[in-house]
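In what follows, chains carry the letters A, B, and so on, assigned in the order in which the sequence lines appear, proteins first and then strands, with residues in each chain numbered from 1.
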Protein chains: 2
Amino acid sequence: MSGMGANRVTAAGKVLQVLAVFDREHPSRTLSEIAQCTGLAVSTAHRVVAELASWGALERAEDGSWHVGLRLWEIASGCPRTQILRDAALPFMQDLYEATHENIQLAVREGTELVFVERIAGHRSVELLTMVGTRFPVASTGMGRVLLAHAPREFQEEVLAAPLRAWTPHTVTDPRTLRAQLDLIRREQVFVSDRQLSESTVAVAAPVRTGRAGPVGAALGIVVAARGAERARGLREPLLRAVHGISEELGRRARTAL
Amino acid sequence: MSGMGANRVTAAGKVLQVLAVFDREHPSRTLSEIAQCTGLAVSTAHRVVAELASWGALERAEDGSWHVGLRLWEIASGCPRTQILRDAALPFMQDLYEATHENIQLAVREGTELVFVERIAGHRSVELLTMVGTRFPVASTGMGRVLLAHAPREFQEEVLAAPLRAWTPHTVTDPRTLRAQLDLIRREQVFVSDRQLSESTVAVAAPVRTGRAGPVGAALGIVVAARGAERARGLREPLLRAVHGISEELGRRARTAL
DNA sequence: CGCACCCTTTCCGCCTGACGGAAACGCCCT
DNA sequence: AGGGCGTTTCCGTCAGGCGGAAAGGGTGCG
């Protein structure tokens, strides 16, 4: 029986299937887990894993389990989508952090999801469940809604049409309310999102324009403890200055790169 | 003739060959470049690239060239070697940055090379040629020498045996001098490296102990402008406090993870 | 305007090297 | 010792990858 016919998994596909089993919940896996998750035969999984390891794309822990290797991290860390953005944004994020000592987050949109690209946090910042490299539905977070508000219509409709998940009792799940929020975001630029993802946090978010054409390709956000929510108001101005700075910097780089 | 026989490139190998052509000097490549660099036939390269792209591991720019995709970045960003370290170190790096406003760098050793894992830099910090995700010979940088000093003998001998590259007129290339430096590092912990990689920078570096056994698995460094070199002295204490904090944090996490 | 060059994409027949079942190995726990 | 589980090795079969070649597309030059 083997692949059951219509599986359509090519050799390259197998490699990626194997790599894809490593995520934030499972940074480390055993061979049989990998075989199980991918549906590959153990012997096949074994060979693929061994090959990847010989390349440094996977590494083996003392206990025999596997995890993503430094070599793959190196290659992927050059990903322009994140690298260019990070580079331009970091100094501004630093300034913001220094002024606020809160979590400063940078994210991009990928389809109808949000991917966190960079985060600055210090000892005094609140603990967050969002980690760099993780995805969330755009509609679920303040930063995501900012991205959504500036995304092509088609995406907005797609997201508004789908049922929205309620993470907390305060999460906006009504499409009409959300649509109104998107309008508000387009008018005011900065958006304050109150306990949408977690009961204990409030986020302030603003759009970053990437490239000279000026499309909104990223969002910058500050996350504060919900009990200090009044802080959020005062963060609008500095946040706005930061996103302008980043957008300008990105524009300058794009121009000189031509 | 095709692969010339002794090529020994398996399917998984081809995928990695293709991915490996993307580095910091070439974040973006055309199909024919990829074929050229890997030695694959264009048609083969085309198929592999297309498959990778269908998975989101590669993405295509408007001009038709290819680059590493967000999906691959996501997977690789979970790499434990960097992720765990980053997580524990960032708050301390933030504090250091705030106290100094200089470049704060975090690196690990991979064989006889140094890989930069994280960096904090603000508007006021000096420009550096070292980027996150890039490699340097361990002997070339202050952070690298700290890692080398605490590495197994075999690596030290291997590095000392090889000819050392001089990046600036001040770069130490004499094995005897270097050996003396390694001794000094083991005694003093903090090491000041004077214009070894670039004429215009001085670095202060210290070892980070990863895991409970206490092996030195990373190094933390501060890079300042060479003209402000006297600053370096004053940075030893705060740097030392930071690496102690990070080491302790890593130890705590390793313990609770068991 | 058309030709020439280069890069990309598609097609296809040959044959290699990937596939997975099975058996051997090693480890831990009982 | 024995059983159970996860890993590693082996090997015969055959699907799917391979690359040469030709078509397609875009750009710049004569």
Side-chain angles (χ1 to χ4, degrees), chain A residues 1-22 25-69 80 257-258, chain B residues 1-22 25-69 80 257-258:
Chain A
M1 49 176 62
S2 81
M4 300 306 314
N7 241 3
R8 219 81 207 81
V9 182
T10 75
K14 287 193 192 78
V15 170
L16 290 163
Q17 273 186 301
V18 168
L19 290 180
V21 307
F22 297 95
E25 281 81 44
H26 312 273
S28 172
R29 315 207 75 146
T30 70
L31 181 62
S32 15
E33 278 178 337
I34 295 170
Q36 175 120 40
C37 295
T38 54
L40 298 173
V42 239
S43 53
T44 305
H46 180 259
R47 185 170 31 78
V48 174
V49 164
E51 277 176 273
L52 288 173
S54 81
W55 254 86
L58 290 183
E59 290 171 9
R60 190 155 208 191
E62 299 161 14
D63 66 356
S65 68
W66 299 92
H67 56 134
V68 173
L258 291 186
Chain B
M1 49 175 63
S2 79
M4 300 306 313
N7 240 3
R8 218 83 207 78
V9 182
T10 75
K14 287 194 191 77
V15 170
L16 289 164
Q17 272 186 303
V18 168
L19 291 180
V21 307
F22 296 96
E25 281 80 46
H26 312 273
S28 170
R29 316 206 75 146
T30 69
L31 180 62
S32 17
E33 278 177 337
I34 295 171
Q36 175 120 39
C37 293
T38 56
L40 298 173
V42 240
S43 54
T44 305
H46 180 260
R47 185 170 30 79
V48 174
V49 163
E51 276 176 273
L52 287 173
S54 81
W55 254 87
L58 291 182
E59 289 171 9
R60 192 156 206 189
E62 298 161 13
D63 66 356
S65 68
W66 299 92
H67 56 112
V68 173
L258 292 186

To the nearest 0.5 Å, what is the distance between [atom1] on [X] and [atom2] on [Y]?
| X | Y | atom1 | atom2 | value |
| --- | --- | --- | --- | --- |
| Leu58(B) | Ser28(B) | CG | OG | 10.5 Å |
| Gln17(A) | Leu40(A) | CD | CG | 5.0 Å |
| Thr30(B) | Gln36(B) | OG1 | CD | 9.0 Å |

Do [X] and [Y] touch side chain to side chain, with heavy atoms closer than 4.5 Å?
| X | Y | result |
| --- | --- | --- |
| Leu52(B) | Trp66(B) | no |
| Glu59(A) | Val68(A) | no |
| His67(A) | Pro27(A) | no |
| Leu19(A) | Trp55(B) | no |
| Thr44(A) | Arg47(A) | yes |

Margin query: How many whole angstroms separate atom CG of Leu40(B) from atom P of dG17(C)?
Written below: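 To the nearest whole Å, that distance equals 13 Å.
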Check: Would a distance-only check, ignoring hydrogens and angles, find a side-chain to backbone donor-acceptor pair under 3.5 Å from Arg29(B) to Glu33(B)?
Finding: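 Checked: no pair found.
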Item checked: Exam field: side chain Thr38(B) to backbone Ile34(B), donor-acceptor pair closer than 3.5 Å ->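 Between the backbone of Ile34(B) and the side chain of Thr38(B) there is a qualifying donor-acceptor contact (under 3.5 Å).
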Notebook entry, point to check: Quick one: bend of the helix from dC1(C)-dG30(D) to dT30(C)-dA1(D) from 5 pairs per end, to 10°?
Noted result: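 Inter-axis angle at the ends, rounded: 40°.
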Note to self: One character per nucleotide, please: for nucleotides 4-10 of chain D, 5' to 3', B when the base has a protein heavy atom closer than 4.0 Å, S when only the sugar-phosphate does, - otherwise.
What the structure shows: --SSBB-
Name the pairs: protein N/O against N/O of nucleotides 23-28 of chain C, kept only if under 3.5 Å.
none

